[in-house]
Amino acid sequence: AALCAVAIGEMLHCMGLLRFVPFAAVMIALAALTVLFAKSYGLGILLLALLACTVFLHGRLEAQHILEFGTMALYITAGFYAIACGSRADLVFIVLAPCSTDTFAYFTGVFLGRHKLCPEISPKKTVEGAVGGILACVLVCTAADALFFEQSYPVWAAIPVFAGLSIVGQLGDLAASVVKRRYGVK
(Lines give C-alpha, C1' and ligand atoms only; values in the text may rest on other atoms or scores of the structure.)
Protein backbone atom coordinates (compact mmCIF):
# COMPACT_ATOMS: atom_id res chain seq x y z
CA ALA A 1 0.00 0.00 0.00
CA ALA A 2 2.86 2.37 0.85
CA LEU A 3 4.58 1.71 -2.49
CA CYS A 4 1.30 2.35 -4.30
CA ALA A 5 0.90 5.66 -2.43
CA VAL A 6 4.46 6.66 -3.35
CA ALA A 7 3.87 5.74 -7.03
CA ILE A 8 0.63 7.75 -7.14
CA GLY A 9 2.34 10.67 -5.39
CA GLU A 10 5.20 10.56 -7.89
CA MET A 11 2.73 10.65 -10.79
CA LEU A 12 0.92 13.63 -9.19
CA HIS A 13 4.28 15.38 -8.75
CA CYS A 14 5.31 14.63 -12.35
CA MET A 15 2.08 16.15 -13.62
CA GLY A 16 2.23 19.21 -11.32
CA LEU A 17 -0.97 18.18 -9.53
CA LEU A 18 0.39 18.13 -5.96
CA ARG A 19 -0.60 21.80 -5.68
CA PHE A 20 -4.22 20.63 -5.53
CA VAL A 21 -3.76 19.26 -2.03
CA PRO A 22 -7.29 17.88 -1.42
CA PHE A 23 -7.30 16.17 -4.81
CA ALA A 24 -3.82 14.72 -4.27
CA ALA A 25 -4.60 13.57 -0.72
CA VAL A 26 -7.82 11.83 -1.77
CA MET A 27 -6.18 10.08 -4.74
CA ILE A 28 -3.20 8.86 -2.71
CA ALA A 29 -5.42 7.68 0.15
CA LEU A 30 -7.92 5.87 -2.08
CA ALA A 31 -5.18 4.09 -4.02
CA ALA A 32 -3.37 3.03 -0.85
CA LEU A 33 -6.58 1.86 0.86
CA THR A 34 -7.60 -0.15 -2.20
CA VAL A 35 -4.34 -2.07 -2.01
CA LEU A 36 -4.17 -2.22 1.80
CA PHE A 37 -7.59 -3.78 2.20
CA ALA A 38 -7.44 -5.65 -1.14
CA LYS A 39 -10.97 -4.70 -2.13
CA SER A 40 -11.78 -4.60 -5.83
CA TYR A 41 -14.53 -2.02 -5.31
CA GLY A 42 -11.73 0.39 -4.33
CA LEU A 43 -10.91 0.72 -8.02
CA GLY A 44 -14.51 1.76 -8.64
CA ILE A 45 -14.36 4.28 -5.79
CA LEU A 46 -11.12 5.67 -7.23
CA LEU A 47 -12.83 6.04 -10.61
CA LEU A 48 -15.86 7.71 -8.97
CA ALA A 49 -13.52 10.15 -7.16
CA LEU A 50 -11.84 11.00 -10.46
CA LEU A 51 -15.23 11.70 -12.05
CA ALA A 52 -16.22 13.87 -9.08
CA CYS A 53 -12.95 15.81 -9.37
CA THR A 54 -13.65 16.40 -13.06
CA VAL A 55 -16.94 18.06 -12.07
CA PHE A 56 -15.95 19.90 -8.89
CA LEU A 57 -12.52 21.09 -10.03
CA HIS A 58 -13.88 22.31 -13.38
CA GLY A 59 -12.23 25.61 -14.21
CA ARG A 60 -9.36 25.02 -11.76
CA LEU A 61 -8.02 21.81 -13.22
CA GLU A 62 -8.33 20.72 -16.83
CA ALA A 63 -10.34 17.56 -17.44
CA GLN A 64 -7.48 16.30 -19.64
CA HIS A 65 -5.11 16.36 -16.65
CA ILE A 66 -7.58 14.38 -14.56
CA LEU A 67 -8.09 11.88 -17.38
CA GLU A 68 -4.35 11.40 -17.88
CA PHE A 69 -3.73 11.08 -14.16
CA GLY A 70 -6.76 8.82 -13.72
CA THR A 71 -5.62 6.42 -16.41
CA MET A 72 -2.20 6.08 -14.82
CA ALA A 73 -3.61 5.94 -11.27
CA LEU A 74 -5.95 3.09 -12.16
CA TYR A 75 -3.12 1.26 -13.94
CA ILE A 76 -0.75 1.65 -10.98
CA THR A 77 -3.37 0.80 -8.36
CA ALA A 78 -4.65 -2.22 -10.29
CA GLY A 79 -1.09 -3.56 -10.50
CA PHE A 80 -0.51 -3.20 -6.77
CA TYR A 81 -3.99 -4.61 -6.10
CA ALA A 82 -3.14 -7.69 -8.18
CA ILE A 83 0.02 -8.15 -6.14
CA ALA A 84 -1.90 -7.83 -2.87
CA CYS A 85 -4.62 -10.29 -3.88
CA GLY A 86 -2.69 -12.83 -5.90
CA SER A 87 -1.25 -16.17 -4.96
CA ARG A 88 2.47 -16.70 -4.55
CA ALA A 89 2.66 -17.87 -8.18
CA ASP A 90 0.74 -14.81 -9.39
CA LEU A 91 3.12 -12.53 -7.50
CA VAL A 92 6.11 -14.19 -9.16
CA PHE A 93 4.54 -13.78 -12.60
CA ILE A 94 3.60 -10.13 -11.99
CA VAL A 95 7.30 -9.46 -11.31
CA LEU A 96 8.80 -11.96 -13.76
CA ALA A 97 6.65 -10.93 -16.76
CA PRO A 98 7.78 -7.29 -17.02
CA CYS A 99 11.40 -8.15 -16.16
CA SER A 100 11.63 -10.82 -18.87
CA THR A 101 9.70 -8.66 -21.32
CA ASP A 102 11.90 -5.60 -20.83
CA THR A 103 15.16 -7.54 -20.88
CA PHE A 104 14.41 -9.55 -24.01
CA ALA A 105 12.68 -6.64 -25.76
CA TYR A 106 15.84 -4.61 -25.29
CA PHE A 107 18.20 -7.27 -26.65
CA THR A 108 15.86 -8.29 -29.47
CA GLY A 109 15.46 -4.64 -30.43
CA VAL A 110 19.20 -3.99 -30.35
CA PHE A 111 20.07 -6.99 -32.51
CA LEU A 112 17.02 -7.35 -34.76
CA GLY A 113 15.12 -4.06 -34.46
CA ARG A 114 14.37 -2.29 -37.72
CA HIS A 115 10.85 -0.88 -37.39
CA LYS A 116 10.15 1.83 -34.81
CA LEU A 117 7.20 1.05 -32.55
CA CYS A 118 6.21 4.57 -31.39
CA PRO A 119 9.07 6.92 -32.33
CA GLU A 120 7.38 10.06 -30.97
CA ILE A 121 6.81 8.41 -27.58
CA SER A 122 9.83 6.17 -27.12
CA PRO A 123 12.26 6.53 -30.04
CA LYS A 124 14.37 3.45 -29.31
CA LYS A 125 11.55 0.89 -28.98
CA THR A 126 11.02 -1.35 -31.99
CA VAL A 127 8.27 -3.65 -33.17
CA GLU A 128 10.76 -6.52 -33.24
CA GLY A 129 11.75 -5.76 -29.66
CA ALA A 130 8.14 -5.73 -28.51
CA VAL A 131 7.41 -9.07 -30.18
CA GLY A 132 10.65 -10.55 -28.82
CA GLY A 133 9.67 -9.37 -25.34
CA ILE A 134 6.25 -11.01 -25.60
CA LEU A 135 7.66 -14.31 -26.86
CA ALA A 136 10.37 -14.37 -24.18
CA CYS A 137 7.85 -13.52 -21.46
CA VAL A 138 5.64 -16.44 -22.51
CA LEU A 139 8.61 -18.82 -22.59
CA VAL A 140 10.20 -17.65 -19.31
CA CYS A 141 6.94 -17.55 -17.36
CA THR A 142 5.74 -20.89 -18.75
CA ALA A 143 9.07 -22.48 -17.82
CA ALA A 144 8.94 -20.94 -14.32
CA ASP A 145 5.36 -22.16 -13.93
CA ALA A 146 6.33 -25.71 -14.88
CA LEU A 147 9.51 -25.77 -12.76
CA PHE A 148 8.37 -24.04 -9.59
CA PHE A 149 4.59 -24.19 -9.45
CA GLU A 150 3.74 -27.51 -11.08
CA GLN A 151 1.84 -25.74 -13.85
CA SER A 152 -0.54 -23.51 -11.92
CA TYR A 153 -1.79 -22.55 -15.38
CA PRO A 154 -2.53 -25.15 -18.07
CA VAL A 155 -0.37 -24.49 -21.14
CA TRP A 156 -3.38 -23.48 -23.26
CA ALA A 157 -4.21 -20.77 -20.69
CA ALA A 158 -0.60 -19.82 -19.89
CA ILE A 159 0.17 -18.48 -23.35
CA PRO A 160 -2.57 -15.80 -23.47
CA VAL A 161 -2.15 -14.96 -19.74
CA PHE A 162 1.59 -14.40 -19.98
CA ALA A 163 1.37 -12.68 -23.38
CA GLY A 164 -1.32 -10.43 -21.89
CA LEU A 165 0.89 -9.56 -18.91
CA SER A 166 3.69 -8.67 -21.32
CA ILE A 167 1.44 -6.49 -23.49
CA VAL A 168 -0.10 -4.70 -20.50
CA GLY A 169 3.37 -4.00 -19.14
CA GLN A 170 4.59 -2.60 -22.46
CA LEU A 171 1.47 -0.45 -22.88
CA GLY A 172 1.85 0.85 -19.32
CA ASP A 173 5.47 1.75 -20.01
CA LEU A 174 4.49 3.60 -23.18
CA ALA A 175 1.61 5.39 -21.41
CA ALA A 176 3.97 6.52 -18.64
CA SER A 177 6.35 7.80 -21.34
CA VAL A 178 3.52 9.81 -22.92
CA VAL A 179 2.70 11.45 -19.60
CA LYS A 180 6.37 12.12 -18.80
CA ARG A 181 6.99 13.70 -22.21
CA ARG A 182 3.88 15.84 -21.93
CA TYR A 183 4.99 17.22 -18.58
CA GLY A 184 8.66 17.61 -19.50
CA VAL A 185 10.00 14.90 -17.20
CA LYS A 186 11.42 12.75 -20.00
Side-chain angles (χ1 to χ4, degrees), residues 1-86 90-91 93-99 101-103 105-106 109 116-126 129-130 133-134 137 164-186:
L3 288 175
C4 183
V6 168
I8 296 296
E10 188 62 31
M11 188 57 63
L12 286 163
H13 173 70
C14 167
M15 297 176 75
L17 298 177
L18 281 178
R19 61 193 161 106
F20 296 98
V21 175
F23 171 74
V26 167
M27 293 302 111
I28 290 170
L30 284 174
L33 289 172
T34 297
V35 174
L36 181 65
F37 295 112
K39 300 294 182 190
S40 60
Y41 58 78
L43 294 171
I45 293 171
L46 183 62
L47 180 59
L48 182 63
L50 289 164
L51 293 172
C53 287
T54 303
V55 173
F56 296 118
L57 292 176
H58 177 70
R60 293 183 24 214
L61 187 60
E62 289 184 38
Q64 181 178 355
H65 295 305
I66 295 173
L67 178 63
E68 289 170 344
F69 169 75
T71 301
M72 294 308 299
L74 288 171
Y75 175 77
I76 291 166
T77 305
F80 280 104
Y81 172 77
I83 290 169
C85 295
D90 292 337
L91 176 60
F93 298 130
I94 287 171
V95 173
L96 189 59
C99 289
T101 297
D102 289 350
T103 301
Y106 173 77
K116 299 294 183 188
L117 183 64
C118 298
E120 64 283 348
I121 297 170
S122 195
K124 294 184 179 179
K125 291 193 187 313
T126 64
I134 293 168
C137 176
L165 282 173
S166 178
I167 292 166
V168 167
Q170 290 186 58
L171 287 174
D173 184 44
L174 288 168
S177 291
V178 167
V179 170
K180 289 176 184 177
R181 286 193 187 282
R182 175 171 163 71
Y183 293 95
V185 177
K186 189 171 185 177

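Proximity of Val185 to Met15: side-chain heavy atoms (C-beta onward) are nowhere separated by under 4.5 Å. In this structure, the side chains of Val26 and Pro22 stay at 4.5 Å or more apart for every pair of heavy atoms. Side-chain atoms of Leu47 and Leu74, non-hydrogen and from C-beta on, do get closer than 4.5 Å to each other. A 4.5 Å side-chain heavy-atom check between Phe69 and Leu50 finds at least one atom pair inside the cut-off. At a threshold of 4.5 Å between non-hydrogen side-chain atoms, the residues Leu12 and Phe20 do not count as touching.
Judged by distance alone, with hydrogens and angles left aside, the side-chain atoms of Lys125 form no donor-acceptor pair with the main-chain N or O of Ala130 at under 3.5 Å.
Taking CD of Glu10 as the start and CE of Met72 as the end, the distance is 12.0 Å to the nearest 0.5 Å. For the atom pair Ile134 CD1 and Ile167 CD1, the distance stands at 4.0 Å (nearest 0.5 Å). Atom-to-atom distance recorded for Met11:CE and Thr71:OG1 is 10.5 Å, nearest 0.5 angstrom. Residue Thr101 holds its OG1 atom at 8.5 Å from CG of Leu96, rounded to the nearest 0.5 Å. The distance from atom OH of Tyr81 to atom CG of Leu36, rounded to the nearest 0.5 Å, is 13.0 Å. Going from atom CD1 of Ile8 over to atom CG of Leu46 covers 7.0 Å, rounded to the nearest 0.5 Å.
For the pair Leu174 and Cys118, the tightest heavy-atom approach, listed with the atom from each and the gap, is CD1-SG, 4.3 Å. Contact between Ala7 and Ile76 at its shortest, heavy atoms only, is CB-CG2, 3.7 Å. Of all the heavy atoms in Asp173 and Tyr75, the pair that sits closest is N-OH, 4.5 Å. A pairwise comparison of heavy atoms in Thr77 and Ala31 identifies OG1-CB, 3.4 Å as the closest pair. Taking each heavy atom of Met27 and Cys53 in turn, the nearest pair found is CE-SG, 4.2 Å. Shortest non-hydrogen contact noted between Pro119 and Leu117 is CD-C, 3.8 Å.
Listed by chain and residue number, nothing satisfies the side chain to side chain donor-acceptor pair (under 3.5 Å) test with Asp102 (two or more places apart in sequence, or in another chain). Looking at residues two or more places apart in sequence or on another chain, you find a side chain to side chain donor-acceptor pair (under 3.5 Å) between Gln64 and Glu68. In this structure Gln170 satisfies the side chain to side chain donor-acceptor pair (under 3.5 Å) test together with Ser166, sequence neighbours excluded.
Taking the six-membered ring for Trp and thresholds of 30 and 60 degrees, His65 and Tyr183 have ring planes inclined between 30 and 60 degrees apart.
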